[in-house]
Amino acid sequence: MTEYGIYYPESITGKQLDVFLAKGWYRMGQGIFTTNYVIQEDKFFRVYWLRYNLQTLVFGKQARLVKKAAEKFSISVKPLMVTEELEQLYRLYKSGLSFEPAESVQSWLFDIQPTNIYDSYVIEIRDNGLLIAAGIFDQGHNSIAGILNFYHPSYKRNSLGKYLMLLKIQHARKMGKLWYYPGYIVKDYPKFDYKLFVDKLSAELFIPEHNCWYTYNADLMTDPII
């Protein structure tokens with residue numbers, strides 16, 4: 001069982017990305033990594049990778065309310081280009097955070113590498129032409145991986161981060177994908193629990209001790225690995 005690992009492939013196909021995601025690996029810059037723990041507030045917490053089965057997923061009441069709150073905005077999906085407009089929105093987003101994330105979209109996605117080995121797309125949300133939110137994802141053969149969501153602080157009440165998750169799911173279904181990977185959740189650290197709002201009945205957790213995915217159940221989440 002791997003507690004932490006990182007790999008920097010020279011290239012990656014959609015089918016290869018599917019395999020990595022299915023083994024609990026996830027993009028970091030132009031590499032791909034896995035971990036079973038994370039350090040928050042100087043403590044170790046156990047990590048569990050999460051995915052949604054798009055064949056069984058049903059939007060519940062909370063998801064429908066999130067969609068309703070944002071239905072007046074315009075949506076577009078396009079191949080990723082890191083523009084100044086995107087970076088400006090990210091700077092605004094950073095200004096409203098209580099922690100310090102990556103310096104820029106460019107540094108988050110590329111680090112120091114000049115090219116992108118992933119098949120990346122961006123969902124843009126606009127209000128009368130103004131870019132108010134953006135969600136970046138990587139496309140595999142049968143899956144997508146949600147990489148980054150950010151939004152204008154003035155639109156926080158519209159739950160645009162959650163709305164972007166729903167839009168990624170809708171796009172993935174339109175493209176015939178089977179799985180949506182939103183990252184990990186953390187035992188006893190509820191900051192990441194928002195990723196479960198879509199539909200817990202279609203959510204799955206990766207249990208590295210068994211090298212297997214299981215239908216979400218909080219009882220599967222054990223103590224941290226130290």
Side-chain angles (χ1 to χ4, degrees), residues 27 50-99 101-102 104-106 108-109 116 118-140 143-185 190-203 216:
R27 175 180 179 169
L50 179 71
R51 73 180 182 183
Y52 281 101
N53 184 336
L54 299 182
Q55 298 176 94
T56 62
L57 186 148
V58 176
F59 288 153
K61 180 179 179 180
Q62 187 179 1
R64 293 194 298 269
L65 289 173
V66 168
K67 290 181 68 177
K68 185 177 179 65
E71 62 186 4
K72 64 180 179 179
F73 304 130
S74 60
I75 310 299
S76 63
V77 183
K78 60 183 71 173
L80 175 66
M81 289 186 61
V82 180
T83 63
E84 178 53 32
E85 183 183 35
L86 210 60
E87 293 285 17
Q88 183 178 5
L89 176 62
Y90 182 75
R91 287 193 291 270
L92 286 170
Y93 172 72
K94 281 180 58 179
S95 70
L97 298 179
S98 59
F99 61 94
S104 64
V105 177
Q106 181 74 23
W108 187 307
L109 298 176
N116 188 10
Y118 295 93
D119 186 18
S120 303
Y121 288 77
V122 60
I123 299 176
E124 295 181 348
I125 303 177
R126 295 181 181 271
D127 184 9
N128 292 317
L130 175 67
L131 182 65
I132 61 171
I136 296 167
F137 65 92
D138 295 331
Q139 194 158 266
S143 63
I144 71 165
I147 303 302
L148 177 62
N149 292 333
F150 52 99
Y151 52 84
H152 197 296
S154 297
Y155 290 81
K156 186 175 182 178
R157 63 183 177 84
N158 294 101
S159 299
L160 295 180
K162 290 182 177 179
Y163 186 44
L164 283 163
M165 289 181 65
L166 301 180
L167 292 174
K168 289 175 182 180
I169 288 168
Q170 289 181 174
H171 173 80
R173 281 177 154 172
K174 182 179 179 181
M175 299 302 293
K177 308 301 183 186
L178 304 178
W179 304 101
Y180 166 54
Y181 294 82
Y184 56 61
I185 57 176
K191 177 181 177 180
F192 297 90
D193 287 355
Y194 72 90
K195 296 174 184 177
L196 287 164
F197 90 99
V198 180
D199 176 18
K200 286 184 179 179
L201 295 178
S202 69
Y216 172 79

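Quick note: numbers below take in every heavy atom, side chains included, and nothing from hydrogens, waters or symmetry partners.
Salt bridge Glu71/Arg64: absent, no basic N to carboxylate O contact under 4.0 Å.
The two residues Ala134 and Leu164 have their closest heavy-atom pair at O-CD1, 3.3 Å. Among all heavy-atom pairs drawn from Glu87 and Val82, the shortest one is OE2-CG1, 3.4 Å. Closest heavy-atom contact between Phe150 and Leu86: CE1-O, 3.6 Å. The nearest pair of heavy atoms linking Phe192 to Ile185 is O-CG2, 3.6 Å. Closest non-hydrogen pair, Ala172 versus Leu54, comes out as CB-CD1, 3.5 Å.
Results of the ring pair (Phe, Tyr, Trp, His ring centres under 6.0 Å) test with Tyr151 over Phe73, Tyr90, Tyr93 single out Tyr93 as the only residue that passes.
For the pair Lys168 and Tyr121, the NZ or CZ position fails the cation-pi test of under 6.0 Å to the six-membered ring centre and within 45 degrees of the ring normal.
Looking only at distances, no side-chain donor or acceptor of Lys72 sits under 3.5 Å from a matching main-chain atom of Asp127. The closest donor-acceptor contact from the side chain of Asn158 to the backbone of Ala69 lies under 3.5 Å. Of the possible polar contacts, none joining the Lys94 side chain to the Pro101 backbone as a donor-acceptor pair under 3.5 Å is found. Here the side chain of Asp199 pairs a donor or acceptor atom with the backbone of Val58 at under 3.5 angstrom. At distances below 3.5 Å, not a single donor-acceptor pair connects side-chain atoms of Lys67 with backbone N or O atoms of Leu167. Proximity of a side-chain donor or acceptor of Arg27 to a complementary backbone N or O of Leu109 within less than 3.5 Å is detected.
In this structure Gln88 satisfies the side-chain hydrogen bond (donor to acceptor under 3.5 Å, both in side chains) test with no other residue, sequence neighbours excluded.
Relative ring orientation between Tyr181 and Trp179 is described as tilted, the plane-to-plane angle lying within the 30° to 60° band.
Rounding to the nearest 0.5 Å gives a distance of 7.5 Å between CZ of Phe59 and CZ of Phe197.
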